[in-house]
Structures are given as C-alpha cells and as structure tokens.
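Start at 1 with the first residue, then count along the sequence. Note that the coordinates shown come from a computational prediction; the quantities given were computed from them, not determined experimentally.
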Amino acid sequence: MIRILIFILCVLYSIFPAYFEGAQATVADSGAQAAVEAEASPAATETPAPTPTPVSGPTATPWMNEEDTAALNQKIQDFLNKEGDYTAEKISAKMFDLSGLLDKSKVQLGLVDATHIEGYFFDYIEKDGSLLLLVGFDGNDGGRFVVPIQIPLYFIEADLTSHFCFLQYHADKGYTEKKADVTELDVDALHQQLYGLIGKCIAFSPARIPFSASSTGYSGRAKTYFLEHNDKVNRAEQLMLAVCTNEENIAVKMTFSQFYDVLNSIDESALEGVTIPHIMELSDVASFDLSSVPMIDPAIIYCK
C-alpha cells in the first residue's frame with residue numbers, strides 16, 4: 001500500500017511540479033519575521049509585495065463615488081477653515097486626553113502625550129497595496145492640515161507575524177483596553193474597526209523608531225515592510241514636528257518634561273527637504289507616491 005502511495009505522489013509531482021514547489025515557497029515565506037527587533041536567519045529568496053485581494057464587508061476603495069467624494073471634500077474644507085462642525089470648540093469636545101495633563105477645553109489636534117498624536121479621522125482609501133487614513137491636525141503654526149497616514153495592508157493580510165491593535169481609552173478610569181487584534185487570519189476586522197471610527201478623533205504613534213535588526217534576516221512581504229518602515233522614519237518625525245505641541249494647554253501644575261522628550265530627540269537638520277503630502281481634496285491622493293507618506297505604528301487608540 002505504501003509503495004502505491006509513493007508511486008502516485010511521484011506521478012503527481014511529475015505532472016504538477018509547480019504546485020509542489022509553490023506550496024513549499026508559501027510555507028517558507030509565511031514564517032518570515034518582521035516588526036520585531038531580533039536576529040533572524042538570512043533569507044534565501046525574496047518576493048515583491050502583492051496587490052491586496054478584495055475583502056467582504058466595509059472596505060477601502062481606490063475612489064469614492066461622485067456624491068461621497070463631494071461630501072468628503074466639503075468636510076475637509078470646513079475643517080481647514082475651522083467652520084461648521086470643525087470649529088476649535090467642537091473639535092476640542094471630540095478629543096480625549098491620553099496624558100491627563102491637558103486642559104480639555106483648549107486641547108488641539110496634535111501631541112497628546114510623550115509618543116502619541118491625536119487627529120480627526122475623515123475616511124480611508126486603498127492605494128498601491130496599502131490603506132491611507134486621511135487625518136486632520138492643528139499645526140504648530142496655528143493653521144490646520146490633512147495628511148495621509150499609511151497602514152501596510154500588504155503585510156498585515158499576508159504574514160503570520162503581523163498584528164494591528166485597536167485600543168479603547170476609558171477616560172473616566174484613565175486606561176486603555178485592547179478591543180481588537182487584527183492578524184492575517186481576520187483582515188476583515190481591520191476594515192470593520194476603521195469603518196466604525198470614521199468621523200472620530202483617533203490617537204496613534206507615527207512609526208519613527210527604526211527596526212534595529214538587519215533586513216537580510218527577512219524575506220518577501222516582511223522584508224518589504226521592514227525596509228519601507230525604516231525608510232520612512234524621517235517622514236514620521238516630520239509629522240511629529242508639524243502638529244500642535246499643546247504646550248500652552250497643559251493644565252496640571254507640574255513639570256512633565258517627558259511630554260516633549262520625543263520632540264527634543266529629533267534632529268531637525270536631518271529633515272531638511274523632507275516633506276509630507278497634504279490633502280486639500282480627495283483627488284490629491286493620485287498626485288503623490290507612497291514613499292512620501294508617514295507610516296503608523298500598528299495600533300490605534302480611540303475613545304467611545
């Protein structure tokens with residue numbers, strides 16, 4: 001019986017060799033390590049990041065229909081002009097204070113603790129295998145701006161090591177609770193969570209801390225993510241410097257120098273010439289390359 005099974009496998013291999021070899025490559029690729037700072041064995045091969053496949057339920061689309069696009073563009077303009085639902089008072093009322101140090105009546109969209117920035121989440125779209133969050137901030141110059149923030153969907157949906165967390169902040173108790181942990185096994189949950197946060201304020205850390213391990217230890221999508229993450233550290237730092245620091249809005253009578261340690265650690269001279277695309281209307285998304293878009297660390301904080 002065993003000899004018969006071996007004979008059948010040999011015949012199948014001779015007819016469909018690509019299937020057997022492809023299966024082996026998939027297994028090897030899915031075990032690639034990324035988003036961790038540990039040594040890994042050198043990879044033999046690398047594959048390009050694939051185009052994401054459609055998912056069911058709420059999804060990001062390359063472009064919205066004409067009516068939705070017009071509505072989004074109007075919201076962005078109202079936000080930039082601080083009009084309608086986006087006056088300073090109304091935005092402040094939508095925000096939450098992660099640090100517990102800010103004057104809630106004056107807090108602006110920007111730095112809210114030592115590592116997180118908080119912005120107004122308009123919507124999100126898909127571009128070149130990634131999700132782009134359209135997020136608005138108060139600038140350190142007194143104006144406002146809307147920028148795209150990248151979530152590397154190509155890595156999340158295709159690598160077993162990937163995680164993206166959603167944390168709910170309980171303002172009355174001053175702590176965060178993990179509500180969702182998105183992995184390759186449930187990418188639909190990423191869209192479900194993002195869809196539920198449209199029109200709210202969200203807090204996150206721009207991906208400004210480079211991975212210290214060598215990229216030679218990774219392959220495929222993991223290596224693509226590793227390299228892209230590290231290449232964009234300067235974009236994340238530029239965003240940190242551009243948003244409102246809320247320094248004048250600290251209400252607690254105490255010294256909290258750590259609040260600004262992240263800004264003091266940034267070498268501004270190294271960022272000369274580094275820019276981040278600004279969004280005035282949805283069509284602007286087509287005018288820039290993903291290489292100029294800051295990436296998010298894999299977690300979003302929100303308040304119910």
Side-chain angles (χ1 to χ4, degrees), residues 18 21-55 59-62 124-135 147-165 181-191 193-194 204-239 274-277 285-300:
E21 294 169 359
Q24 294 172 358
T26 301
V27 172
D29 184 62
S30 66
Q33 294 295 315
V36 293
E37 301 186 6
E39 285 293 323
S41 58
T45 59
E46 56 182 86
T47 56
T51 301
T53 55
V55 297
T59 62
T61 55
Y124 72 108
I125 66 169
E126 186 170 341
K127 179 182 172 75
D128 298 337
S130 287
L131 300 183
L132 296 185
L133 313 184
L134 307 182
V135 186
V147 293
I149 306 295
Q150 181 192 10
I151 294 179
L153 180 63
Y154 66 84
F155 175 61
I156 295 173
E157 69 176 5
D159 196 287
L160 289 172
T161 67
S162 65
H163 287 267
F164 196 100
C165 297
D181 185 358
V182 177
T183 68
E184 179 195 31
L185 302 178
D186 188 20
V187 178
D188 288 7
L190 179 62
H191 293 283
Q193 292 292 325
L194 289 175
F204 59 88
S205 294
R208 61 173 298 269
I209 305 299
F211 297 138
S212 61
S214 171
S215 64
T216 58
Y218 303 104
S219 66
R221 302 169 187 88
K223 184 169 186 176
T224 300
Y225 172 62
F226 183 104
L227 294 174
E228 186 175 26
H229 178 284
N230 282 4
D231 285 345
K232 292 186 172 187
V233 165
N234 57 357
R235 308 288 174 177
E237 291 185 328
Q238 189 67 275
L239 178 60
V274 176
T275 60
I276 300 172
V285 174
S287 65
F288 58 78
D289 186 85
L290 276 183
S291 61
S292 63
V293 178
M295 188 179 286
I296 188 175
D297 273 344
I300 286 177

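Considering every non-hydrogen atom in both Gln238 and Val274, the closest pair reads NE2-O, 2.8 Å. Scanning both residues, Glu184 and Ser162, for their nearest heavy atoms gives N-OG, 4.2 Å. Contact record, Pro206 with Ala236: CB-CB, 3.6 Å, taken as the closest heavy-atom pair.
With sequence neighbours excluded, no residue forms a side-chain hydrogen bond (donor to acceptor under 3.5 Å, both in side chains) with Ser287. Contacts of Glu228 classified as side-chain hydrogen bond (donor to acceptor under 3.5 Å, both in side chains), with partners at least two apart in sequence or in another chain: Gln150, Tyr154, Lys232. Ala189 pairs by the side-chain contact (heavy atoms from CB on, under 4.5 Å) definition with Val182, Asp186, not counting sequence neighbours. Shown here are the side-chain contact (heavy atoms from CB on, under 4.5 Å) partners of Val147, two or more places apart in sequence or in another chain: Phe137, Phe145, Ile149, Leu239, Ile276, His278. Residues forming a side-chain hydrogen bond (donor to acceptor under 3.5 Å, both in side chains) with Asp231 (at least two apart in sequence, or on another chain): none. Listed by chain and residue number, Arg235, Pro277, Phe288 satisfy the side-chain contact (heavy atoms from CB on, under 4.5 Å) test with Ser292 (two or more places apart in sequence, or in another chain).
Using a 4.5 Å heavy-atom threshold, the side chains of Glu157 and Leu190 count as separate. The side-chain heavy atoms of Phe155 and Phe164, taken from C-beta on, include no pair separated by under 4.5 Å.
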Is there a side-chain contact (heavy atoms from CB on, under 4.5 Å) between Ile209 and His229? Walk through the geometry before answering. CA-CA 9 Å; Ile209 305 299; His229 178 284; 5.6 Å; no

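A side-chain donor-acceptor contact under 3.5 Å links Lys127 to the backbone of Val285.
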